[in-house]
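Only one structure is covered here, and it is reproduced in the block below.
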There are 2 protein chains.
Amino acid sequence: MARYLIEPDPGLVLRDTNTPVGARILAEGLVLMSELGLEGFTFRKLAERAGCTEMTVYHYFANKHRLLQYYDQMYWLWLATHCKQEGRHLKDPMERLRGDITAISGIWPADAMAGPFDPAALRQLVVNEGSKSFLHKDVDADNKLQLFKPYKDLCGHIAGELKACAPGLKHARSFATTLVDMAHSLEFAMHHLPALTELSKRKDRKKLAAFLTDLAERYLSR
Amino acid sequence: MARYLIEPDPGLVLRDTNTPVGARILAEGLVLMSELGLEGFTFRKLAERAGCTEMTVYHYFANKHRLLQYYDQMYWLWLATHCKQEGRHLKDPMERLRGDITAISGIWPADAMAGPFDPAALRQLVVNEGSKSFLHKDVDADNKLQLFKPYKDLCGHIAGELKACAPGLKHARSFATTLVDMAHSLEFAMHHLPALTELSKRKDRKKLAAFLTDLAERYLSR
DNA sequence: CTCTCATTTATAGTACTACTATATTTGCTG
DNA sequence: CAGCAAATATAGTAGTACTATAAATGAGAG
């Protein structure tokens, strides 16, 4: 299992997190934000959990939204890197696409690690809170700061594979976004709004990947 | 143009809004929440705008999330009613489906009204803030209160039309959710994250409807 | 081995949010 | 015009999301 070097945009962070306290803040922050949700999560609570003061946390991150965006970037960067890596030794673009869909559905080698984080923990946070990274009044400013680049890059990569499968395709990006979006949206539905999907919590991500793969095959088939 | 009777779940509201103040709160709340986003929106600001006291607002709604959920229900109830109504005189299920897709893309008769609200204003709010109705730690409790029923009903209705087009279809609900979800998600992307889609702000919703219709036709074509 | 400088802490404070509580006034209804 | 719900006025609480500043700590350089 290859470990990739993943570094979110340094603009997200106020100071290098590669310190004992910095690492604890990142590790405990992920757990706590997942536990409490972005609204219930505060730097005060994180400081308590990480064994430092609130001020120290503020020295690393300007606010909790930036911390969420950090995890978000970490997740999408890792996922895109993983997709590209896995696709490297596959000649058939359709096979690469299938591999990508498996990955965006949350199916990875058991020992996968996104830098210091368990990607499954990152994914859970991103499924539940990730869209709050951009669903706010400063989207456009944040977008100018390139904060959503990793997400766009993944969608762009998948759009590229789609084009490789069907060179004349008109809406590769819109459809790539559809696949990535629904991988998360349907996972949320499976757990909280089961009436929205035939997929069940039990049967897991394989069924999700199967639905998305089928969708892609039908979309490409003419 | 038929006007439908639309009543969100009375459990969302603490007292009948059919009063001069209640109506002002609802009307100004929609504008203000759209302007400020859910995070920047407060009952204090709404009271000022509606010419009443903060306490009066609290007499009508327990908190701002409930008010958002009220608009959300209003939107989905109206949209589902509209879809069903328009489909009534169409015999071909494929034509009904195309009509539904046009509607979820935000294309309606110019004089459409959702009760006292302009559905275009509701849609803008729901595109930008709607998912905060369920993206929080109380989803499961809110779901038990049936707060998401109107949304599920619309997806269920579209799933029904899909089944009418292709009786053997296995994932009608997942695909219906995909259509409804992406109608909003791509509209947000068009305005704020244009790299995610070929659709442009300018060329509008017709292109969005065309993409979704094409997606549905391909999905159903085998 | 101690000086230095960045990191971390301690302490304090501000403006605002999201309410709750209660007493009083207003205005329609029978 | 009595009664009652709706609306207001006023006050207060606990917490959030920071900012500010000075003091303590500790690792690395000379």
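Throughout, protein chains are lettered first and strands after them, A, B, ... in sequence-line order, and every chain is numbered starting at 1. The model shown is predicted, which means the values in this text are computed figures rather than measured ones. Scope of the values below: all heavy atoms of this structure, side chains included, with no hydrogens, waters or symmetry mates.
- Taking atom CZ on A:F43 and atom C1' on D:dG15, their separation rounds to 17 Å, with Å as the unit.
- The CG atom of B:N18 sits 13 Å away from the P atom of D:dA6 (whole-angstrom rounding).
- A donor atom on one side chain and an acceptor atom on the other are found under 3.5 Å apart for B:Q69 and B:D142.
- Between B:V21 and B:R44, the residue anchored nearer the 5' end of DNA chain D, judged by the nucleotide with its closest heavy atom, is B:V21.
- Residues B:K207 and B:E198 are not paired through a salt bridge, judged by the lack of any N-O separation under 4.0 Å between the basic side chain and the carboxylate.
- If you look at A:H184 and A:Y75, their ring centroids are closer than 6.0 Å.
- Bracketed by its first and final contacts, the part of DNA chain C lying under 4.0 Å from non-hydrogen atoms of chain A reaches from C:dT7 to C:dT11 in 5' to 3' order.
- Of the residues in residues 24-35 of chain A, none has a non-hydrogen atom less than 4.0 angstrom from any atom of DNA chain C.
- Taking the ring centre of B:F61 as origin, the terminal cationic atom of B:R66 falls outside the region bounded by 6.0 Å and 45° from the ring axis.
- In this structure, B:Y58 places its OH atom 16 Å from C1' of D:dT10, rounding to the nearest Å.
- B:D16 places its CG atom 21 Å from the P atom of D:dC4, with the value rounded to the nearest Å.
- OP1 or OP2 of D:dA7 lies within a sub-4.0 Å distance of a side-chain N or O belonging to B:Y60.
- Map B:G51 and B:E54 each onto its nearest nucleotide of DNA chain D; the residue landing nearer the 5' end is B:G51.
- Residues A:T102 and A:S105 have side chains that never bring a donor and an acceptor to within less than 3.5 angstrom of each other.
- For the 3.5 Å distance criterion, the side chains of A:N143 and A:K149 fail to qualify, holding no donor opposite an acceptor.
- B:L14 places its CG atom 12 Å from the P atom of D:dA6, with the value rounded to the nearest Å.
- Summarising the local packing, CD of B:E48 is surrounded by 12 or fewer heavy atoms from other residues, nucleotides or ligands at distances under 6.0 Å.
- The only option from A:F148, A:Y151, A:Y71, A:Y70 that meets the ring pair (Phe, Tyr, Trp, His ring centres under 6.0 Å) definition with A:W76 turns out to be A:Y151.
- Judged by distance alone, the side chains of A:T19 and A:Y60 do bring a donor and an acceptor atom under 3.5 Å apart.
- When rounded to the nearest whole Å, the span between CE of A:M55 and P of D:dA23 equals 16 Å.
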